[in-house]
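Chain letters run A, B, ... following the sequence lines, proteins first, then strands; residues in each count from 1. Side chains included, hydrogens not; waters and symmetry mates left out as well; all remaining heavy atoms used.
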Amino acid sequence: MKQGRYFADKIEAKWRENWKKQNSFEFKDDPKKQKYYNLVELPYPSGDLHLGHWFAFVPADVHARFKKMSGFNVFYPNGFDAFGLPAENAAIKRGIHPRDWTMKNIEVMRTQFDIMGTMIDWTHSTITCLPDFYRWNQWIFLKMFEKGIAYRGIALSNWCPTDQTVLANEHIEAGKCWRCGAEVVQKEVEQWFLAITKYAESLIWKNPPQADWPKQVIEGQNNWIGKSEGMLIDFSGIEVFTTKPETIDGATFLVVAPEHEFVKNLSKTKEVEDYVLAASKKTEMERKEDRTKSGVFSGKYVKNPVTGKDVPVWISDYVLAGYGTGAIMAVPYVDERDREFAQKFNLPIIETKFNAKPKGEKTINYHLRDWSISRQRYWGTPVPIIHCEKCGLVPVPEKDLPVELPYNVDYTPKGKPPLASDEKWLNVKCPKCGGEAKRDAETLDTFFDSAWYYYRYVSPEFHKGPFDPKEVAKLMPVDVYFGGSEHTLGHTLYARFFTKFFKELGLLEFDEFAKKRIQHGVILGPDGDRMSKSRGNVVSPDDVVKEYGADTVRLYLCFMMPYEATSPWSPTAIGGVYKFLKRAWDLLEKVDKGELSRQDLSKMHQAIKKVGVDLENLAFNTAVSSLMIWLNHLTSKKTVTSEEYKTLLRLLAPFAPHITDELWHLLNPNANSVHLEDWPVFQSKYLISDSVNIAVQVNGKLRDAIVVKREFIKSQEKVENEAKSSQKVAKYLTSAIKKVIYIEGKIINFVV
RNA sequence: GCGGACGUGGUGAAAUGGUAGACACGCAAGGUUUAGGACCUUGUGGCCGUCAAAGGCUGUGGGGGUUCAAGUCCCUUCGUCCGCACCA
């Protein structure tokens with residue numbers, strides 16, 4: 001058969017067109033098939049699809065295609081995480097509206113995604129910045145408000161006193177506001193929170209874990225939730241939290257955080273005043289970096305309830321306002337930090353007998369904080385709350401959703417939330433009393449969007465709720481969730497939290513949204529450093545595709561390293577993968593009638609088995625290598641049968657969808673797409689060869705390998721005799737044999 | 001400091017406790033007038049040995065242990081990467 005030369009660019013676009021025409025990736029209900037929800041973290045529309053995106057989506061696509069061929073009804077959607085700071089920053093910088101910038105980027109990235117050749121179903125998509133999506137953010141928020149999960153609370157934030165606004169960490173340069181240069185202080189600011197801590201207990205992973213997630217994530221999240229059991233003890237009105245109440249006899253002073261109520265009510269000396277002010281100026285980062293203890297005596301004493309002694313109350317920022325009660329009993333004899341503090345300020349250090357039994361309330365503390373979701377930015381979901389002087393916080397009635405984000409807003413930095421500058425939008429009638437009121441001008445953290453977007457995929461048109469519970473019952477939970485390790489503590493934890501909340505609302509039945517989670521590694525630049533524009537080591541997937549074609553890039557991404565690993569991109573190694581595809585292409589010429597030898601069958605079925613097992617287990621690199629091994633065998637033959645060739649194409653199809661469909665049709669112009677074929681089934685009988693290699697060891701050292709007919713391997717005696725008759729072995733069997741260990745068909749070991 | 005992952009050729013990497021280095025890159029030698037990213041064959045962990053071979057020893061960061069048998073399990077130590085970190 002003649003097929004010309006392999007030019008990827010000539011065939012790839014053609015096949016993508018064909019697939020599109022046949023609408024072959026749209027998910028449709030099929031009660032005969034088992035569903036399989038294949039999910040990849042939705043990308044941010046930065047405007048350029050980079051190699052990292054390819055590395056996230058391609059192996060996921062290979063897996064999805066494999067599951068589809070294996071008979072599953074695969075659901076593989078994708079969307080865009082379209083709200084967020086970068087759009088606003090880019091817009092401010094270039095004078096383009098964030099919405100226009102974002103939508104333009106999405107368009108560009110959609111065409112880039114097409115080049116990848118995935119089976120992503122874009123009909124079940126979602127773009128989080130469109131009212132269709134964010135109205136359900138608002139709906140969920142209101143449900144949370146109703147249940148007391150969303151609430152107004154107070155948190156220490158980076159505050160610019162000139163601009164009168166909260167600043168993100170990235171907007172602080174050397175302790176100064178990025179815009180006006182004023183010194184940033186820590187200020188208690190009222191904002192919206194989600195009470196994720198109410199779910200702390202249920203978010204802790206059990207042992208054994210209830211879902212197949214990486215240990216790294218399970219341990220990481222459990223640590224982050226940080227459950228600790230202890231006791232609340234009262235020291236003359238100041239309540240402290242301790243995990244070691246039995247050491248209270250060694251508590252020689254108390255330390256409270258500078259933001260503690262006790263400090264606020266104190267008649268302050270100048271010294272205390274100064275210290276509290278200085279502490280407020282330290283940013284979170286500075287407090288973390290500066291580990292030397294500082295502090296000031298409050299002038300007050302409290303009574304140690306066990307020893308009855310008066311102990312001084314000190315103020316220091318090594319005690320965190322946000323953890324426990326913001327006050328500790330210092331036991332410098334035991335605790336290193338307390339000792340450091342005591343030594344610095346000459347406070348007594350006395351021994352504890354570890355048997356004190358103070359009175360107090362047993363309590364559990366979590367390191368996990370409630371989630372602050374207020375953002376004083378434009379490009380996000382408006383908080384659907386109306387502030388009325390008379391009625392307080394009034395939810396926007398459900399019928400009035402969505403509260404649309406107005407387009408014509410001056411979103412350049414002014415020192416107040418951009419939405420607050422749109423008077424027309426801002427001023428509304430209170431839904432309760434009809435009086436003058438104002439909308440909430442803040443927007444939601446974009447992690448709110450990503451906490452539940454994968455539910456929306458299931459029924460993106462649904463208009464009676466965030467998702468159709470019937471569809472969710474059919475398609476969820478996610479079967480495998482591909483993503484990056486940077487989301488171990490943020491996104492995936494929030495997603496689990498939302499799932500538990502939805503369950504409480506009665507919208508779904510399960511506890512965990514993803515049965516399996518797999519985290520990809522990172523592709524470094526060819527120099528071994530992280531890719532970055534400033535280093536000039538960025539590899540553009542578009543360029544590589546131009547050079548080799550998408551199939552080669554796909555195959556190389558699968559082959560270059562294990563999915564979880566971090567390794568450099570090799571510009572030469574990809575050539576080897578291209579060569580592999582070319583050899584597969586050229587092999588078509590050798591397709592002819594013929595008989596398959598026992599060995600041919602064995603090699604073929606070995607490949608079928610290994611590729612299948614590896615794709616099931618997401619071991620993409622070894623799946624490719626077993627294809628290479630088989631192709632090496634095929635090319636060494638004079639001719640290959642069409643059975644062999646068709647099997648090869650089917651095994652290769654998930655990795656290299658374009659070339660395989662082309663070859664499939666060159667083989668049979670009237671055929672359907674190779675992607676509609678069933679995954680080949682291996683037959684165990686061909687995996688068993690007539691003779692077996694058995695390693696022979698003497699005292700555990702390899703001395704020879706013998707070939708034994710399969711029918712004899714059950715007989716240790718025969719194998720033993722065969723092994724002993726080997727010259728190489730015999731010369732080590734000079735002394736008496738004490739013991740013989742025989743592992744059937746594998747190894748025989750003589751102990752002398 | 002805490003938690004996690006990991007440490008194997010020149011490189012990316014394979015190895016249910018059972019023949020370490022599969023597969024690929026790179027490199028070397030040879031072949032072939034070889035358009036089209038050439039292709040084919042052979043070799044390629046280290047050391048010793050030989051004209052060549054045969055062969056031997058050694059080898060998975062270091063040290064110790066369990067086992068007939070350890071890259072794999074246990075202890076210890078060093079190192080790398082990732083996440084978190086004054087959490088009482």
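In terms of position on RNA chain B, the residue among A/S485 and A/S228 whose nearest nucleotide sits closer to the 5' end is A/S485. Positionally, the nearest nucleotide of RNA chain B for A/N749 lies more toward the 5' end than for the other of A/N749 and A/H367.
Applying the 4.0 Å criterion to OP1 and OP2 of B/C57, one finds that A/R703 has a side-chain N or O inside that range. Between A/N223 and B/G83 there is no side-chain N or O to OP1 or OP2 distance below 4.0 Å. Checking the phosphate oxygens (OP1, OP2) of B/G37, no side-chain nitrogen or oxygen of A/K579 falls inside 4.0 Å.
Contact annotation for A/T242: backbone-only contact, meaning every heavy-atom pair under 4.0 Å involves sugar-phosphate atoms and none involves a base. Nucleic acid contact class of A/D335 (heavy atoms, under 4.0 Å, all strands): none. Among the atoms of the strands shown, base atoms are found under 4.0 Å from some heavy atom of A/Y548. A/K701 comes within contact range of the sugar-phosphate backbone alone, with a heavy-atom separation under 4.0 Å but no base atom that close. A/G576 comes within 4.0 angstrom of the backbone, heavy atoms only, and of no base. If you check every strand for non-hydrogen atoms under 4.0 Å, A/I741 touches a base. When heavy atoms are screened at a 4.0 angstrom cut-off, A/T622 is found touching the sugar-phosphate backbone but no base atom. Contact annotation for A/Q697: base contact, defined as any heavy-atom pair under 4.0 Å involving a base atom. Among the protein residues, A/Y732 comes within range of the sugar-phosphate backbone only, with heavy atoms under 4.0 Å from sugar or phosphate atoms but none that close to a base. A/K215 comes within contact range of the sugar-phosphate backbone alone, with a heavy-atom separation under 4.0 Å but no base atom that close. Residue A/N693 is in base contact, counting any heavy-atom pair closer than 4.0 Å across all strands shown. When heavy atoms are screened at a 4.0 angstrom cut-off, A/P214 is found touching no nucleic acid atom at all. The residue A/N222 sits apart from the nucleic acid: no heavy atom pair falls under 4.0 Å. Among the atoms of the strands shown, none is found under 4.0 Å from any heavy atom of A/I218.
Ring pair A/Y481/A/H491 is perpendicular by interplanar angle, where above 60° counts as perpendicular and below 30° as parallel.
Across all strands shown, B/G79 forms a Watson-Crick or G-U wobble pair with B/C6, both key distances being under 3.5 Å. The partner of B/A35, taking Watson-Crick or G-U wobble pairs whose two distances both stay under 3.5 Å, does not exist in any strand shown. B/A13: no Watson-Crick or G-U partner with both key distances under 3.5 Å is found in any strand. Base pairing of B/A22: no nucleotide in any strand meets the Watson-Crick or G-U wobble criterion (both distances under 3.5 Å). B/G30 and B/C40 make up a base pair, with Watson-Crick or G-U wobble contacts both under 3.5 Å. With a 3.5 Å ceiling on both atom-pair distances, B/A52 lacks any Watson-Crick or G-U wobble partner.
Remark: A/K227 is not positioned above the aromatic ring of A/Y366, lacking an NZ or CZ atom under 6.0 angstrom from the ring centre and at most 45 degrees off the axis. Stacking of A/R554 on the aromatic ring of A/F655 is not recorded, the 6.0 Å distance cut-off and the 45° axial limit not both being met. In this structure, A/R496 forms a cation-pi arrangement with A/W205, its terminal cationic atom sitting closer than 6.0 Å to the ring centre and no more than 45° off the ring axis.
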CA sep, side-chain torsions, deciding dist, call: A/L627, A/L648, side-chain contact (heavy atoms from CB on, under 4.5 Å): CA-CA 8 Å; A/L627 279 172; A/L648 176 71; 4.3 Å; yes
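When the C1' atom is compared between B/A70 and B/G56, the two are found 23 Å apart, to the nearest whole Å. Spacing between B/G17 and B/A28 at atom C1', rounded to whole Å, works out to 37 Å. Rounded to whole Å, the separation between the P atoms of B/G43 and B/A38 comes to 23 Å.
For the pair A/F559 and B/A24, the ring geometry does not qualify as stacking, because the centroid separation below 5.5 Å and plane angle under 30° are not jointly satisfied.
The base of B/C86 sits with one of its N or O atoms less than 3.5 Å from a complementary donor or acceptor on the side chain of A/K293.
Note on A/D529 versus A/R535: salt bridge recorded, some NZ/NE/NH1/NH2 to OD/OE distance being below 4.0 Å.
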